[in-house]
Amino acid sequence: MKRKVKTKVRGFRTRDGAGVNLVRVLGNQTTKEFDPILMLDSFDSTNPDDYTAGFPMHPHRGIETISYVSRGKMVHRDSLGNEDGISDGEVQWMNSGSGIMHEEMVPAAERLLGVQLWLNLPSKDKMSKPSYNSIKNDEIDEIEIDGGKIRLLAGTYGEYQGYKGDYLPMDYYDIHLNANSEITLTMGEKDSVMIFTLLGNVYINDEHIEEKTAVKLTEGDSLTIKNGEQNAQVLYINSRALNEPVAWAGPIVMNTQEEVQKAFIELRNNTFIKEKVEY
């Protein structure tokens, strides 16, 4: 059964961090519909003043943050002692788990283009050990398809195996379609599947999807994405819905308000970080 469009979200312009201009596409109003994806922020600018203020040191608990920089640069530093940078076409994948402090600085580039996802953690893994990984270009398979290519950012595609997270399954593809092309993907009927049109417009079952739109798909075992007269770049995200309560305040996402309140008390008491750097 072919998947169809269930929900379309365009988002709104806002500022975050130390003054980064971005489009918040998914947030606390879309958690149930797009489960397990909590947030999707979209970045697209040729003006460094929009983003070079970056995201100074701040806490997280209960989520994984996944940043894909299609074009541009991002530099990460955290309380585990990690310092790392990614650039054109690379990914940062951080599990905040029981608690982490991190910063993301965004150096000037010709163009900043990409997204950050917040992937929810199952309740049993909310207090897991934090970790950081980067997925560099030499670890990302580029798979030729009729009319374009797929960059396998994470998960599997056919016999290809990409980066695998420790908690929820997730297939994450950066699909590049030439003009007047199409691709059909197969998946489990109950999988939680969404796309984001990073560049260009596409069609799903003849329904027009504008650039910078997040789309949640109905259940089904296949999805066909068609292109128009222009090239398009589409992010495909396939995971498993948690169907668990979400309690969200700022950078903390837990299952109950009591757990959230405990996190903020620990931040004030300086007992938030459970995993410290070992020298």
Worksheet item: Does atom NZ of Lys4 have more than 12 heavy-atom neighbours, drawn from other residues, nucleotides or ligands, at distances under 6.0 Å?
Response: no

Item to complete: Report the C-alpha distance between Leu168 and Leu242 in whole Å, list the side-chain angles of each, state the deciding distance to 0.1 Å, and finish with yes or no for side chain to side chain contact (heavy atoms under 4.5 Å, CB included).
Response: CA-CA 9 Å; Leu168 279 178; Leu242 290 172; 3.7 Å; yes

Worksheet entry | Exam field: side chain Asp78 to backbone Asn82, donor-acceptor pair closer than 3.5 Å | yes

Discussion item. Check this for me: does any side-chain nitrogen of one of Glu33 and Lys216 sit under 4.0 Å from a carboxylate oxygen of the other?
Written reply: no

Practice prompt. Would you mind telling me which of Tyr68, Tyr160, Tyr157 makes a ring-ring contact (aromatic ring centres under 6.0 Å, His included) with Tyr173?
Written response: Tyr157

Worksheet item: With hydrophobic residues grouped by side-chain heavy-atom distances under 4.5 Å, do Leu217 and Leu198 end up in a single group?
Response: no

Item to complete: Report the distance from atom NZ of Lys124 to atom CD of Glu244, rounding to the nearest 0.5 Å.
Response: 9.0 Å

Worksheet, complete the sentence: Across all chains, not counting sequence neighbours, the side chain to side chain donor-acceptor pair (under 3.5 Å) partners of Lys73 are none

Practice prompt. Would you check if there is a donor-acceptor pair between the side chains of Gln230 and Asn201 at a distance under 3.5 Å?
Written response: no

Worksheet item: Hey, is the main chain of Thr156 close enough, under 3.5 Å, to the side chain of Asp171 for a donor-acceptor pair?
Response: yes

Worksheet item: Can you tell me if NZ on Lys136 sees more than 12 non-hydrogen neighbours from other groups inside 6.0 Å?
Response: yes

Fill in: Side-chain donor or acceptor of Asp88 paired with backbone N/O of Gly72 under 3.5 Å
yes

Item to complete: Indicate yes or no: at least one non-hydrogen side-chain atom of Leu153 is less than 4.5 angstrom from one of Ile135.
Response: no

Worksheet item: Does Leu235 reach the side chain of Ile175, with side-chain heavy atoms less than 4.5 Å apart?
Response: no

Worksheet item: Are Val91 and Ile86 side-chain neighbours, meaning at least one heavy-atom pair lies under 4.5 Å?
Response: no

Response to the item:
Correct closest heavy-atom pair for Arg3 and Glu189 would be NH2-O, 3.2 Å

Fill in: For the student: nearest non-hydrogen atoms of Ala263 and Ile252, plus distance
CB-CG2, 3.8 Å

Item to complete: Decide yes or no on side chain to side chain contact (heavy atoms under 4.5 Å, CB included) for Arg77 and Tyr132, but give the supporting numbers first.
Response: CA-CA 10 Å; Arg77 186 167 66 91; Tyr132 169 84; over 6 Å; no

Worksheet item: Quick one: are Arg71 and Leu112 in side-chain contact, heavy atoms under 4.5 Å?
Response: no

Worksheet item: For residues Ser128 and Asn95, is any side-chain donor paired with an opposing acceptor at under 3.5 Å?
Response: yes

Worksheet item: Checking side chain to side chain contact (heavy atoms under 4.5 Å, CB included) for the pair Ile225/Leu177: CA distance, chi angles, key distance, verdict?
Response: CA-CA 9 Å; Ile225 303 169; Leu177 286 175; 4.2 Å; yes

Discussion item. Pairing donors with acceptors under 3.5 angstrom, does anything connect the side chains of Asn120 and Lys126?
Written reply: yes

Fill in: Transitive ILVMFWY cluster of Val75, excluding itself - 4.5 Å side-chain cut-off
none

Worksheet item: Do Thr186 and Asp221 come within less than 4.5 Å of each other through their side chains, counting heavy atoms only?
Response: no

Practice prompt. Compare every heavy atom of Met39 with every heavy atom of Leu26, then report the nearest pair and how far apart it is.
Written response: O-CG, 3.1 Å

Discussion item. Under a 3.5 Å threshold, yes or no: a donor from one side chain and an acceptor from the other, between Thr224 and Thr184?
Written reply: yes

Worksheet item: Do you know which two heavy atoms are closest between Met105 and Gly54, and how far apart they sit?
Response: CE-CA, 4.1 Å

Item to complete: Ignoring hydrogens and angles, tell me if any N or O in the side chain of Ser134 forms a donor-acceptor pair with the backbone of Gln92 under 3.5 Å.
Response: no

Item to complete: Could you verify whether a donor N or O on one side chain and an acceptor N or O on the other, from Arg111 and Asn47, lie under 3.5 Å apart?
Response: no

Discussion item. Testing the basics here: between Glu103 and Met57, what is the closest heavy-atom pair and its distance to 0.1 Å?
Written reply: CB-N, 3.5 Å

Worksheet item: Roughly how far, to the nearest 0.5 Å, is the CG atom of Leu152 from the OH atom of Tyr172?
Response: 12.0 Å

Discussion item. Please check this pair: side chain of His58 against backbone of Pro56, looking for a donor-acceptor N/O pair closer than 3.5 Å.
Written reply: yes

Worksheet item: Roughly how far apart are Leu199 CG and Asn231 CG, rounded to 0.5 Å?
Response: 9.5 Å

Item to complete: Sequence neighbours left out, what pairs pass salt bridge (charged side-chain N to carboxylate O under 4.0 Å, His left out) with at least one residue falling in residues 245-267?
Response: Arg61-Glu266, Glu266-Lys274

Worksheet item: So if you build clusters from Ile, Leu, Val, Met, Phe, Trp, Tyr with side-chain heavy-atom gaps below 4.5 Å, do Trp118 and Phe196 land together?
Response: no

Worksheet item: Which value, rounded to the nearest 0.5 Å, describes the distance between Glu144 atom CD and His176 atom NE2?
Response: 10.5 Å

Worksheet item: Is any side-chain heavy atom of Ser239 less than 4.5 Å from a side-chain heavy atom of Pro36?
Response: yes

Worksheet item: Is a side-chain donor or acceptor of Glu90 paired with a backbone partner of Ser87 at a separation under 3.5 angstrom?
Response: yes

Discussion item. Is it true that, when you exclude Asn270 itself, more than 12 heavy atoms of the residues, nucleotides or ligands shown sit nearer than 6.0 Å to its CG?
Written reply: no

Discussion item. Let me check something: do Phe55 and Leu117 share a hydrophobic cluster, defined by ILVMFWY side-chain heavy atoms less than 4.5 Å apart, either directly or through other members?
Written reply: no

Worksheet item: Got a second to check how far Ile237's CD1 is from Leu119's CG, nearest 0.5 Å?
Response: 9.5 Å

Discussion item. Pair Val25, Phe12 - check side chain to side chain contact (heavy atoms under 4.5 Å, CB included), show working.
Written reply: CA-CA 6 Å; Val25 184; Phe12 57 92; over 6 Å; no

Practice prompt. Take Glu110 and Thr46 through the test side chain to side chain donor-acceptor pair (under 3.5 Å) and record every step on the way to the result.
Written response: CA-CA 6 Å; Glu110 184 177 336; Thr46 56; over 6 Å; no

Discussion item. If hydrophobic clusters are built by linking Ile, Leu, Val, Met, Phe, Trp and Tyr wherever their side-chain heavy atoms come under 4.5 Å apart, do Val215 and Ile150 end up in the same one?
Written reply: yes

Worksheet item: Are any of the side-chain heavy atoms of Met254 and Trp248 separated by less than 4.5 Å?
Response: no

Discussion item. Given 3.5 Å as the limit, does a donor-acceptor pair link the side chain of Asp191 with the main chain of Gly188, or not?
Written reply: yes

Worksheet item: Is the side chain of Asn227 donor-acceptor paired with the backbone N or O of Ser181 at a distance under 3.5 Å, no angle test?
Response: no

Discussion item. For Trp93, run the side chain to side chain contact (heavy atoms under 4.5 Å, CB included) check against Thr65, Asp166, Ile66 and tell me which one passes.
Written reply: Ile66

Response to the item:
In short, Ala109 meets Pro48 closest at the heavy-atom pair O-CG, 4.3 Å

Item to complete: Spell out, as yes or no, whether a donor-acceptor pair under 3.5 Å connects the side chain of Thr197 to the backbone of Lys212.
Response: yes

Practice prompt. Return the orientation label for the Tyr203 and His208 ring planes: parallel under 30°, perpendicular over 60°, tilted otherwise.
Written response: tilted

Worksheet item: With the 4.5 Å side-chain cut-off for hydrophobic clustering, are Ile140 and Tyr163 part of the same group?
Response: yes

Worksheet item: Would one find more than 12 heavy atoms of other residues, nucleotides or ligands at under 6.0 Å from atom CG of Asp206?
Response: no

Practice prompt. State, yes or no, whether a side-chain contact exists between Val246 and Leu38 at a heavy-atom distance under 4.5 Å.
Written response: yes

Worksheet entry | Met94 side, atom CE; Asn133 side, atom CG - distance, nearest 0.5 Å | 11.5 Å

Worksheet item: Would you say the side-chain atoms of Ser79 pair up with the backbone N or O of Met101, donor to acceptor, closer than 3.5 Å?
Response: yes

